Amino acid sequence: MGGGRGMTDDSPHILSEQAADRGGAGDAGGADESTAGDEAFHAFWADVVADEIEARDPEDPIVIKGGVSPSGVAHVGNVNEVMRGYFVAEVLRERGHEVRQVFTSDDKDPLRKVPRKLANADGEIVGLGDVDAGALGRNLGKPYTAIPDPFGERESYAAHFAALLRADAERLDVPIEMVSNTELYAEGSFDDAVRTVLSDLDGVREVLGKYQDKVDDEYVPFNPVCAECGKVTETVVSVDVETETIEYVCTDMDVGGDTIEGCGHEGTATFRDGKLPWRLEWPAQWQVLGVDFEPFGKDHAEGSWPSGVDLARNVFGIDPPVPMVYEWFTLGGEALSSSAGNVVTVPELLEVLEPEVVRYFFALHPKKARDLDIERIDQLVDRFDRFERAYFGEVDDEELTRFAERAYPFVVGGHQPDSGGTEPRPVDEVREERVRLPYTFAAVLGMVEDPAFREQLARDEGHFEEDTPEWAVEEALKRVEKARTWAERTNNEYDYRLQTDLPDAEFDDDVAAALDDLADFVAEGHDGEAIQGEMYETAREHGIEVADFFAAGYRLFFDETQGPRLGEFLGELEREYVVARLRREA
RNA sequence: GGGCCGGUAGCUCAGUUAGGGAGAGCGUCCGGCUUUUAACCGGACGGUCGGGGGUUCGAAUCCCUCCCGGCCCGCCA
């Protein structure tokens, strides 16, 4: 049955082991798989995962699932779940499979505490003061789907959050199907699973008890929703499988030190008026949705995964999906935390990065703990650019090229979801003519606003050839806005802005005289190179330090003490403007 | 305390499948671009591959052990 390594090894860390323990031990019994065999080496981890999935002969459509709990903010951490599944989905589609990527929203879970921060529909993080916070506080203990949207836009808080996540996925061009847990219960999809669990309470307790100490002979793994107050309750009095009803009392609930008060109501719930606890709900989802593969964070690896596997086999009678644990990444060296303010949302990230760069970040090996550092986002972009060049055979690096050849098409392309996922949306041949301005250079271009000027500077620097197609120039220059935003956000050394108005500054007489001389020189009509040289000349003639003279120039044009290569920069600007500014006239 | 996963240059990372040269980019330093001014070019510096032990002719890679970090082993998800 279990097939593959499943019989003897249920570790979810399939990307750490890769065939390491194959063959060697030769466990008793002929459970030895031959279908999976020793797969060929893969430079892209998603191929390794896809091999595991194919080895189980899944039926199409193959179902890849992710899951998310509605919380205050949908942030890049959630993207892990989206993108990891996406790359595996794409590989399987390329191999001819039909694939569904579904995402369950655990929205029947109760709100346990009021989040400190929320994200609005545009992905902007806001404090509770900006919304109807009372709508949250008054509804502690109720399912997310029963709580009003604090922004007053959607039918519930859960719907608001789900919409955020779906929007983020779309921004990254990943089509996902959102599935509401609440709806699954309401429409009866979980009926069989609940019946299975409640019909075999002893069996469930025996299995679950191996993983959770609190499971005793009284434990009933079902949480009814109180018909009176609407809160998720924990105290089940009796179960009648025949009539499919559960008697309960709405008692107080402990949530990490705090108590959510129950209303004391004694009532009767159906299978659809409540929920399974997470440990059981997860494998129940596998059954209901026919899940073949699920990536999840390291927090699930040692807790709910082993128990989920056991429950799947011995309670629900199904094979668990192929698992994949991914490492968490840090943001600026610190753990992501919306309450601590250390988060970035997808829309925010896309203001400084092209979507393909974000996708690239998640195409890197999932088992490595990585840091996403906005301050040095240029490094990530440089790596992407190199990765892209490697795909086009422009980098002398065998390893990188092998990875790029496999992963790049999925990073920039993918398969058309509209066609059932089998129609390729490949790398357009003309993409080879694309131009990527180095990110920090793009930041330099961001110091000026005029698009024509930006293009001219890039041409002068040799980034565009005579025959560079117009679309390539256009796309390359789009990065300038990203880099500009980055410079402003991080307030870094590229955050200069050509000053429209004359900055307020005083200069020594000799510096002022030198500026006047330079103005005369510029007025005569010289190119940037000549101006650059003249600056040294002028400084020497007036007996002032070159550094001081440049500083004066930076002050006039950028209101800063430093900046880009000034002479060549001025050579590109409108002459009258430069002359007037050097004379401190305008 | 136990288990799992990570630990390669200042930074970001590749290399571990099949043991044999320790690498890339960025940064730094030096030099070039007609005379320091963050864009371009060249070069150099830079690592006990977390430590130690073992197997081997040979170990970043395999084995053992220890250290550090994260996660799990209560609830919840």
Side-chain angles (χ1 to χ4, degrees), chain A residues 11-13 15-20 22 24 38-43 48 67-71 106 109-110 112-113 211-214 223 232 234 253-257 277-279 281-282 296-307 325-328 330 333 335 364-365 367-373 375-383 385-387 390 395-400 402-403 437-445 447 457-458 460-463 492-494 496 529-530 532-533 535-537 539-540 545-547 549-551 553-554 561-569:
Chain A
S11 165
H13 303 281
L15 289 175
S16 296
E17 300 160 353
Q18 293 220 355
R22 280 177 194 274
D38 288 65
E39 302 89 357
F41 171 73
H42 291 301
V48 178
V68 65
S69 303
S71 63
D106 300 336
D109 297 351
R112 300 166 67 81
K113 63 176 183 182
Y211 307 92
Q212 295 189 298
D213 293 340
K214 288 290 168 75
N223 302 115
V232 178
E234 295 183 314
M253 183 167 62
D254 255 358
V255 286
W278 162 250
R279 292 265 180 160
E281 193 172 70
W282 200 21
F296 46 88
K298 62 199 281 183
D299 52 335
H300 289 320
E302 303 304 321
S304 33
W305 171 253
S307 67
V325 178
Y326 56 80
E327 266 289 335
W328 293 347
T330 50
L364 298 173
H365 204 288
K367 292 302 295 185
K368 292 277 194 175
R370 290 170 199 285
D371 185 47
L372 181 65
D373 190 348
E375 302 274 329
R376 272 165 293 187
I377 208 78
D378 56 305
Q379 289 194 3
L380 177 64
V381 180
D382 285 345
R383 289 184 68 77
D385 289 351
R386 192 173 142 81
F387 164 76
V395 177
D396 182 24
D397 184 326
E398 203 176 315
E399 293 295 338
L400 177 63
R402 276 200 294 172
F403 171 61
L437 300 174
Y439 197 77
T440 52
F441 177 62
V444 171
L445 297 188
M447 296 175 191
L457 284 172
D460 292 348
E461 203 55 41
H463 289 290
N492 65 7
E493 66 267 40
Y494 296 96
Y496 301 124
E529 205 177 334
Q532 178 77 4
M535 290 194 69
Y536 293 98
E537 196 64 34
R540 197 166 54 196
E545 292 295 326
V546 172
F549 192 43
F550 272 94
Y554 290 126
T561 55
Q562 302 172 335
R565 193 177 290 257
L566 192 55
E568 296 174 15
F569 205 90

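Note that the coordinates shown come from a computational prediction; the quantities given were computed from them, not determined experimentally. Residue numbers start from 1 in every chain, and the chains themselves are labelled A, B, ... in the order their sequence lines are given, proteins ahead of strands.
By the 4.5 Å heavy-atom criterion applied to side chains, A/Tyr554 and A/Tyr496 are not counted as neighbours. Here the side chains of A/Lys113 and A/Val255 are not in contact, with every heavy-atom distance at 4.5 Å or above.
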What's touching nucleotides 69-71 of chain B from the protein side, N or O pairs under 3.5 Å?
| residue | atom | partner | partner atom | Å |
| --- | --- | --- | --- | --- |
| B/rG70 | O2' | A/Lys298 | NZ | 3.0 |
| B/rG70 | N3 | A/Lys298 | NZ | 3.4 |
| B/rC71 | O2' | A/Lys298 | O | 3.1 |

Nucleotide N/O of nucleotides 24-28 of chain B paired with protein N/O under 3.5 Å:
| residue | atom | partner | partner atom | Å |
| --- | --- | --- | --- | --- |
| B/rA24 | O2' | A/Arg386 | NE | 3.3 |
| B/rA24 | O2' | A/Arg386 | NH1 | 3.1 |
| B/rA24 | O2' | A/Arg386 | NH2 | 2.6 |

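A straight line from CG of A/Leu15 to P of B/rC4 spans 18 Å, rounded to a whole angstrom. B/rC76 atom P lies 16 Å from atom NZ of A/Lys113, rounded to whole Å. At whole-Å resolution of the value, CG in A/Asn223 and P in B/rC76 are 8 Å apart.
Between the side chain of A/Arg370 and the main chain of A/Glu327, no donor-acceptor pair closer than 3.5 Å is present.
Applying the 4.0 Å criterion to OP1 and OP2 of B/rC73, one finds that A/Arg279 has a side-chain N or O inside that range. In this structure, A/Gln212 does not reach the B/rC73 phosphate: none of its side-chain N or O atoms is under 4.0 Å from OP1 or OP2. Distances shown here put every side-chain N or O of A/Lys368 at or beyond 4.0 Å from the OP1 or OP2 atom of B/rU8.
Between A/Ala369 and A/Ala43, the residue anchored nearer the 5' end of RNA chain B, judged by the nucleotide with its closest heavy atom, is A/Ala369. For the pair A/Gly533 and A/Pro110, nearest-nucleotide mapping onto RNA chain B gives the more 5' position to A/Gly533.
Distances from the side chain of A/Lys214 to the nucleotides B/rA39, B/rC11, B/rC75 place B/rC75 closest.
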Letter by letter from the 5' end, nucleotides 60-68 of chain B scores (B base, S sugar-phosphate only, - none; protein heavy atoms under 4.0 Å) ---------
